[in-house]
Amino acid sequence: MSYQQEQIMPYNDGEKASQVEQMFDNIAPTYDRLNHRLSWDIDKGWRRKAIRQLAPYHPKTMLDIATGTGDFAILAAQMLQPERLVGADISEGMMKIGRQKVAQMGLQKVITFDKEDCLQLSYADNTFDAVTAAFGIRNFADLDRGLREMCRVLKPGGHLSIAELTTPVRWPMKQLFHIYAHTVLPVYGRLISKDSSAYSYLTRTIEAFPQGELMVEILRKAGFSEASFKRLTFGICTIYFATK
């Protein structure tokens with residue numbers, strides 16, 4: 001089964017990839033502020049836990065998929081100190097902000113950004129020691145294909161660490177999250193970002209995204225030999241770890 005996001009795209013015109021690019025270009029200036037506020041800054045702790053999964057392996061070359069404005073890439077560079085870290089994304093608007101942040105922190109020699117279609121990466125097979133993704137893969141038009149690409153560019157024995165928003169599975173957080181995601185998140189997101197569709201779309205991607213045991217099965221089918229997951233903050237976020 002191939003998990004595709006065709007039915008939940010927020011815009012009507014153009015190909016799916018260009019629609020996602022348009023949406024994230026639109027919300028790029030307010031993206032960081034909104035993410036932190038809407039999660040009460042808890043997202044920063046989620047990122048740290050996802051990066052710590054890689055610490056025992058000391059990766060020297062890393063790829064951050066759907067890097068956005070580079071928050072995860074910057075934190076990974078600071079915590080893991082790789083020799084080279086590439087942030088890949090479809091949105092130039094998001095990466096422009098990421099490049100500015102990297103320059104301000106003096107990390108240009110370590111972190112670079114590439115505009116990439118994450119379903120068809122330009123990198124050679126077996127290039128990176130580690131691949132990461134934070135809160136971005138649920139936007140893939142074809143999840144299976146995207147994960148196969150992530151596996152392809154990993155070196156044998158390399159590791160994948162993912163942090164992704166998920167829906168809580170237990171009462172009462174399941175019900176509370178549903179209310180929050182369908183009222184507070186889209187309304188506040190629309191007021192700050194001025195995009196009438198983006199945060200309603202992001203809510204739908206969270207609900208449509210496979211999680212837990214199902215996601216582990218999908219990772220294995222994509223070519224990873226081992227995969228596991230851990231739910232954080234009552235299941236609002238899940239981190240996944242896989243080995244090629």
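What's counted below: heavy atoms across the whole structure, side chains too, no hydrogens, waters or symmetry copies.
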For Glu217, side chain to side chain donor-acceptor pair (under 3.5 Å) partners two or more places apart: Lys221

Arg84, CZ atom: more than 12 neighbouring heavy atoms under 6.0 Å: no

Any Ile51 side-chain heavy atom under 4.5 Å of Phe72 side chain: yes

Contact check, side chains of Ile111 and Met105, non-hydrogen atoms, under 4.5 Å: no

Any Leu219 side-chain heavy atom under 4.5 Å of Phe241 side chain: no

Student check: side-chain heavy atoms of Ile137 and Ile162 closer than 4.5 Å: yes

Main-chain N/O of Ile236 paired to Thr233 side chain as donor or acceptor, under 3.5 Å: no

Nearest atoms (heavy-atom pairs only) where Thr166 meets Gly235: OG1-O, 2.8 Å

Euclidean distance, Asp43 CG relative to Phe135 CZ, rounded to 0.5 Å: 6.0 Å

Validation row: Met150, Leu147 side chains within 4.5 angstrom (heavy atoms): yes

Gln108, CD atom: more than 12 neighbouring heavy atoms under 6.0 Å: yes

Could you list the donor-acceptor pairs under 3.5 angstrom formed by side chains in residues 53-63, with sequence neighbours left out?
residue: Gln53; atom: NE2; partner: Ser161; partner atom: OG; Å: 2.8
residue: Gln53; atom: NE2; partner: Tyr240; partner atom: O; Å: 3.3
residue: Thr61; atom: OG1; partner: Asp129; partner atom: N; Å: 3.0
residue: Thr61; atom: OG1; partner: Asp129; partner atom: OD2; Å: 3.2

Spacing of Thr112 atom OG1 and Leu85 atom CG [to the nearest 0.5 Å]: 8.0 Å

Pairs flagged by salt bridge (charged side-chain N to carboxylate O under 4.0 Å, His left out) wherever residues 156-168 is involved - sequence neighbours left out: Arg138-Glu164

Check ion pair Glu83-Lys109 (N to O, under 4.0 angstrom): no

Main-chain N/O of Ala88 paired with Asp114 side-chain donor or acceptor, under 3.5 Å: no

SB check Asp144 Arg148 (cutoff 4.0 Å): no

Non-neighbouring partners of Arg152 that pass salt bridge (charged side-chain N to carboxylate O under 4.0 Å, His left out), sequence neighbours left out: Asp125, Glu149

Selection residues 225-241 - residue pairs positive for salt bridge (charged side-chain N to carboxylate O under 4.0 Å, His left out), sequence neighbours left out: none

Phe128: ring-ring contact (aromatic ring centres under 6.0 Å, His included) partners, not counting sequence neighbours: Tyr123

Backbone of Leu119 reached by a side-chain donor or acceptor of Arg145 within 3.5 Å: yes

Approximate separation, where rounding is to 0.5 Å, of Met95 CE and Glu116 CD: 8.5 Å

N-O pairing of Lys101 and Asp71 below 4.0 Å: yes

Donor-acceptor under 3.5 Å (Lys244 side chain, Cys151 main chain): yes

Spacing of Lys115 atom NZ and Ser91 atom OG [to the nearest 0.5 Å]: 8.0 Å

Any side-chain donor near an acceptor of the partner, Asp89 and Thr67, under 3.5 Å: no

Under 3.5 Å: donor-acceptor pair, side chain of Gln211, backbone of Thr167: yes

Distance (rounded to the nearest 0.5 Å) between Ile239 CD1 and Lys49 NZ: 7.5 Å

Distance in Å, Ile74 CD1 paired with Arg47 CZ, rounded so as to fall on 0.5 Å steps: 10.5 Å

